[in-house]
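Heads up, the thing below is written out as structure tokens.
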There are 2 protein chains.
Amino acid sequence: MAIFTAKQHTMFSKACEYAIRATIYVAMRSLQDQCTNLKALAEEIGSPVAFTAKIMQQLVKHNIVYSVMGPTGGFQIEKRRVHKIKLSMIVNAIDGDAIYQGCGLGLEACNALEPCPVHDKFAKIRDDLKQMLETTSIYELATGLEVGMTYLKR
Amino acid sequence: MAIFTAKQHTMFSKACEYAIRATIYVAMRSLQDQCTNLKALAEEIGSPVAFTAKIMQQLVKHNIVYSVMGPTGGFQIEKRRVHKIKLSMIVNAIDGDAIYQGCGLGLEACNALEPCPVHDKFAKIRDDLKQMLETTSIYELATGLEVGMTYLKR
DNA sequence: TACATATAAGACAAAAAGATCCTAAACTCT
DNA sequence: AGAGTTTAGGATCTTTTTGTCTTATATGTA
Ligand code: FES
Ligand code: FES
């Protein structure tokens with residue numbers, strides 16, 4: 001029937017996954033005063049080039065990275081801003097805030113006064129996720145990548 | 001452009017949200033030795049009837065609930081099984097296990113030996129979520145609903 | 001200035017998710 | 001047995017997500 005087969009719902013959308021990977025890579029390059037062009041970026045994070053272009057446009061609009069057109073152009077982040085960019089900013093720009101603010105069972109809004117059955121248990125996880133996303137900077141993620149301890153593709 | 005506008009990626013798919021709400025409601029009714037028919041169920045959890053039918057079919061296939069056809073028929077759970085049904089069983093049946101087993105950045109598989117940049121921070125959240133889903137029974141969620149402390153729709 | 005190269009933007013296409021509809025099969029009750 | 005009710009299952013439709021392609025715009029260099 002092709003419905004309900006081999007689904008794999010993930011924490012973030014594909015677009016958001018690419019966005020986070022892209023930002024980390026651009027950040028690492030930016031810390032070395034290097035601009036990153038689209039083709040190289042997509043290659044390094046293992047994402048489809050044209051789709052990545054769309055995502056980068058969004059990140060530019062949300063002031064997460066800036067872009068330079070023309071030869072030698074590409075995407076970059078001001079060095080002094082790298083540590084100010086948190087994961088939550090990227091997730092919010094691409095996926096919205098439902099993952100760390102919304103009701104786990106999809107009710108109109110999470111409301112502790114009229115909680116859904118999973119509210120207490122879910123809110124704990126969700127708040128931890130929110131805390132993690134809001135405190136984790138791209139800087140710390142980029143440095144791990146720079147020293148070869150972490151990977152952006154398999 | 002209609003792309004990248006007002007997205008709200010959630011923890012679970014819509015189908016999974018309905019599945020969890022439905023199972024909790026059917027469980028509550030089952031604890032009162034009552035069968036629940038599709039129309040009433042969809043009404044109580046605020047879900048589209050036909051779509052809910054598809055979801056219930058999946059839950060039946062995965063032995064989470066059983067169904068009875070014909071008048072006085074509907075969905076039910078054996079009383080003694082209610083406490084054995086964990087949230088993880090429903091999530092796994094509908095959304096798969098990626099949410100609590102997969103890599104947060106969408107890499108082929110989560111691998112601590114070749115971790116993605118967010119692995120350490122993400123694994124902590126994900127393992128807490130897994131633990132929560134695997135230990136939370138539908139029984140405890142249904143009892144809160146029964147005494148009117150929790151709600152399945154707004 | 002001309003040319004090459006890079007991103008921006010919009011249209012378009014394919015696949016998956018979300019939702020509906022219709023017919024078949026099972027069951028209850030008269 | 002027959003009528004009415006309820007779930008099962010397949011086909012179909014719509015919307016969103018994912019992804020591609022083509023053209024415009026900006027910029028560095030000869
Ligand atoms: S009401 Fe559902 S998570 Fe708070
Ligand atoms: S490798 Fe990405 S979460 Fe483990």
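Chain letters run A, B, ... following the sequence lines, proteins first and then strands; every chain starts at 1.
To the nearest 0.5 angstrom, A:Met89 atom CE is 9.0 Å from A:Ile138 atom CD1.
For the salt bridge (Lys or Arg N to Asp or Glu O under 4.0 Å) test, residues two or more places apart in sequence or in another chain that qualify with A:Lys124 are A:Asp128. Taking the side-chain contact (heavy atoms from CB on, under 4.5 Å) definition, one finds that A:Ser88 meets it with A:Lys86, A:Tyr100, A:Leu133, A:Glu134, sequence neighbours left out. Under the side-chain contact (heavy atoms from CB on, under 4.5 Å) criterion, A:His62 pairs with A:Gln58, A:Ile64, A:Ala93, not counting sequence neighbours.
Remark: C1' of C:dA13 and CZ of A:Phe51 are 14 Å apart, rounded to the nearest angstrom. Per the geometry, CD belonging to A:Glu17 stands 12 Å off C1' belonging to D:dT18, to the nearest Å. Rounded to a whole Å, the CD1 atom of A:Ile94 is 13 Å from the C1' atom of D:dT17. In this structure, B:Lys14 atom NZ and D:dT16 atom C1' are separated by 13 Å, rounded to whole Å. We find that CD of A:Gln58 is positioned 13 Å from P of D:dT18, with the value rounded to whole Å. Residue B:Phe12 contributes atom CZ, which lies 16 Å from atom P of C:dA17 at whole-angstrom precision. Distance CD (B:Gln76) to C1' (D:dT7): 14 Å, rounded to an integer number of Å.
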Protein-nucleotides 3-9 of chain C N/O pairs closer than 3.5 Å?
residue: C:dA6; atom: O4'; partner: A:Gly70; partner atom: O; Å: 3.0
residue: C:dT7; atom: OP1; partner: A:Leu38; partner atom: N; Å: 2.6
residue: C:dT7; atom: O3'; partner: A:Ser67; partner atom: OG; Å: 3.3
residue: C:dA8; atom: OP1; partner: A:Ser67; partner atom: OG; Å: 2.6
residue: C:dA9; atom: N7; partner: A:Lys54; partner atom: NZ; Å: 3.4
residue: C:dA9; atom: N7; partner: A:Gln57; partner atom: NE2; Å: 3.2

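Phosphate proximity of C:dG18 to B:Tyr18: absent, as no side-chain N or O sits under 4.0 Å from OP1 or OP2.
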Side-chain atoms of residues 44-53 of chain A: list all donor-acceptor pairs with protein atoms under 3.5 Å, sequence neighbours left out, distances to 0.1 Å.
residue: A:Ser47; atom: OG; partner: A:Thr52; partner atom: OG1; Å: 2.6
residue: A:Thr52; atom: OG1; partner: A:Pro48; partner atom: O; Å: 2.6

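The salt bridge (charged side-chain N to carboxylate O under 4.0 Å, His left out) analysis of residues 142-154 of chain B, with sequence neighbours excluded, yields the pairs B:Glu43-B:Lys153.
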